[in-house]
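Every chain is numbered from 1 and lettered A, B, ... according to where its sequence line falls, protein lines coming before strand lines.
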Number of protein chains: 2
Amino acid sequence: METAANTLPAEGSLQLRDQLCFALYAASRAVTARYRPLLDELGLTYPQYLVMLVLWERDAVSVRDLGAALQLESSTLSPLLKRLEVNGLVRRERRADDERSVAVRLTGAGVDLRERARAVPLAIGDAMGLTPEQDAAAKQLLRLLTENVTRG
Amino acid sequence: METAANTLPAEGSLQLRDQLCFALYAASRAVTARYRPLLDELGLTYPQYLVMLVLWERDAVSVRDLGAALQLESSTLSPLLKRLEVNGLVRRERRADDERSVAVRLTGAGVDLRERARAVPLAIGDAMGLTPEQDAAAKQLLRLLTENVTRG
DNA sequence: CTCGACTTAGTCGTGCACAACTTAATCGAG
DNA sequence: CTCGATTAAGTTGTGCACGACTAAGTCGAG
């Protein structure tokens with residue numbers, strides 16, 4: 001309900017503060033920054049954490065399917081997965097039935113990390129400080145936005 | 001084939017698709033990707049475009065004030081500004097009254113680029129496809145989220 | 001005036017993101 | 001079966017982002 005004193009949403013404004021894109025960019029970096037100290041404790045970066053979320057849901061995922069889930073290119077995932085492998089959280093092996101494909105699997109350490117990670121979304125949800133209604137509304141709007149912007 | 005396609009059983013708090021943080025991260029990258037071809041025409045990256053937005057509003061801004069406006073560190077801005085300078089869009093000069101500070105100023109080409117950039121927010125706003133009410137609601141939620149997550 | 005604390009830009013190292021490209025494996029029309 | 005098209009993963013180069021650090025200028029208490 002920002003009216004009068006707050007707004008001048010001119011058509012085609014080049015004002016930084018008017019732009020949804022900047023609010024989005026700033027919010028995304030602020031949230032990632034908030035995750036950083038928590039994920040440091042787990043030895044993960046934020047994109048690595050997202051990969052682990054996928055693997056904790058369903059193990060033995062191809063690089064292709066990881067990319068589909070996270071909307072990331074193999075050129076981003078391949079080095080990231082190599083770092084996760086060096087850190088002992090995943091293994092990679094070519095699939096026998098299709099040698100082009102690589103199955104990414106959790107190691108014991110990768111599986112074990114899940115329990116320590118359970119506190120993370122709770123802490124972040126707390127820091128976000130949105131009501132359940134606001135959280136749901138934000139997710140809905142962001143998914144709509146992503147959908148529109150991706151297609152079109 | 002055999003394994004499930006894209007079903008999402010909502011059971012745990014570590015589900016990727018339940019997390020606002022992922023919706024935010026994906027939306028931010030999707031919007032930036034949408035900007036890319038438009039900004040390529042102007043010879044700008046998305047963060048460079050944000051810097052230009054600030055300079056088009058108010059010229060002769062210090063690196064410090066750019067950082068405050070965009071929430072970016074000097075370690076991000078310094079190389080970015082150097083690239084803008086190489087591309088002929090800005091000049092940098094130490095302030096006479098405080099030699100620590102650097103004033104970033106638009107060149108003629110930098111000023112001229114503003115008119116060509118006017119079409120960009122219109123095209124993006126169109127691609128986002130949100131109603132004015134949804135756009136306002138998203139901005140409000142994202143600013144609240146950023147505020148909460150940054151402080152706290 | 002002096003010297004230590006603070007401020008401002010900037011450098012360096014690490015890790016994303018992504019476009020363009022490469023390599024290797026699989027598929028499929030003829 | 002064959003060979004060109006397609007697909008999967010990875011490599012390379014560029015440009016953010018940010019933490020840790022550095023160099024240089026400014027300020028202020030004594």
Distance, rounded to the nearest Å, where [X] contributes [atom1] and [N] contributes [atom2]:
{"X": "A:Gln48", "N": "C:dT14", "atom1": "CD", "atom2": "P", "answer": "14 Å"}
{"X": "A:Tyr25", "N": "D:dG15", "atom1": "OH", "atom2": "C1'", "answer": "11 Å"}
{"X": "A:Leu66", "N": "C:dC16", "atom1": "CG", "atom2": "P", "answer": "13 Å"}
{"X": "A:Arg83", "N": "D:dG10", "atom1": "CZ", "atom2": "C1'", "answer": "13 Å"}
{"X": "A:Arg95", "N": "C:dA24", "atom1": "CZ", "atom2": "P", "answer": "21 Å"}
{"X": "B:Leu80", "N": "D:dA17", "atom1": "CG", "atom2": "C1'", "answer": "11 Å"}
{"X": "B:Arg64", "N": "D:dT26", "atom1": "CZ", "atom2": "P", "answer": "16 Å"}
{"X": "B:Leu50", "N": "D:dG15", "atom1": "CG", "atom2": "P", "answer": "17 Å"}

Mind checking salt bridge (Lys or Arg N to Asp or Glu O under 4.0 Å) for A:Arg116 and listing every partner two or more places apart, or none if nothing turns up?
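With sequence neighbours excluded, A:Arg116 shows a salt bridge (Lys or Arg N to Asp or Glu O under 4.0 Å) to no residue whatsoever.
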Run the salt-bridge test on B:Arg91 and B:Glu93 with the 4.0 Å N-O cut-off and return the result as yes or no.
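Yes.
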If you only use heavy atoms from C-beta on, which nucleotide in [options] is closest to the side chain of [X]?
{"X": "B:Thr45", "options": "D:dA9, D:dT11, D:dC16", "answer": "D:dC16"}
{"X": "B:Arg100", "options": "C:dA17, C:dT7, C:dA25", "answer": "C:dT7"}
{"X": "B:Pro47", "options": "C:dA25, D:dC16, D:dA9", "answer": "D:dC16"}

Would you say the side chain of A:Ser75 and the base of C:dA19 hold a donor-acceptor pair, judged only by whether the two atoms sit under 3.5 Å apart?
yes
Can you tell me if the side-chain N/O atoms of [X] get under 4.0 Å from OP1 or OP2 in [N]?
{"X": "A:Lys82", "N": "D:dA9", "answer": "no"}
{"X": "B:Ser74", "N": "C:dA9", "answer": "no"}
{"X": "B:Thr76", "N": "D:dA17", "answer": "no"}

I want to confirm an ordering. Mapping A:Arg92 and B:Leu72 to their closest nucleotides on DNA chain D, which one lands closer to the 5' end?
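Its nearest nucleotide being more 5', the pick is A:Arg92.
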Where each residue is assigned the nucleotide of DNA chain D containing its nearest heavy atom, which of A:Ser101 and A:Ala30 is assigned the position nearer the 5′ end?
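The residue closer to the strand's 5' end, by nearest nucleotide, is A:Ser101.
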I need the single residue from B:Leu144, B:Asn148, B:Leu20 that forms a side-chain contact (heavy atoms from CB on, under 4.5 Å) with A:Met128. Which is it?
B:Leu20
For atom CD of A:Glu99, decide whether the heavy atoms of other residues, nucleotides or ligands shown that lie under 6.0 angstrom number more than 12.
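Yes, because the 6.0 Å sphere around CD of A:Glu99 holds more than 12 heavy atoms from other groups.
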What contact category does A:Ser62 fall into here, base, sugar-phosphate, or nothing, at under 4.0 angstrom with non-hydrogen atoms?
sugar-phosphate
Are A:Gln15 and A:Arg17 linked by a side-chain donor-acceptor pair shorter than 3.5 Å?
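Their side chains do contain a donor-acceptor pair, which is all the 3.5 Å distance test asks for.
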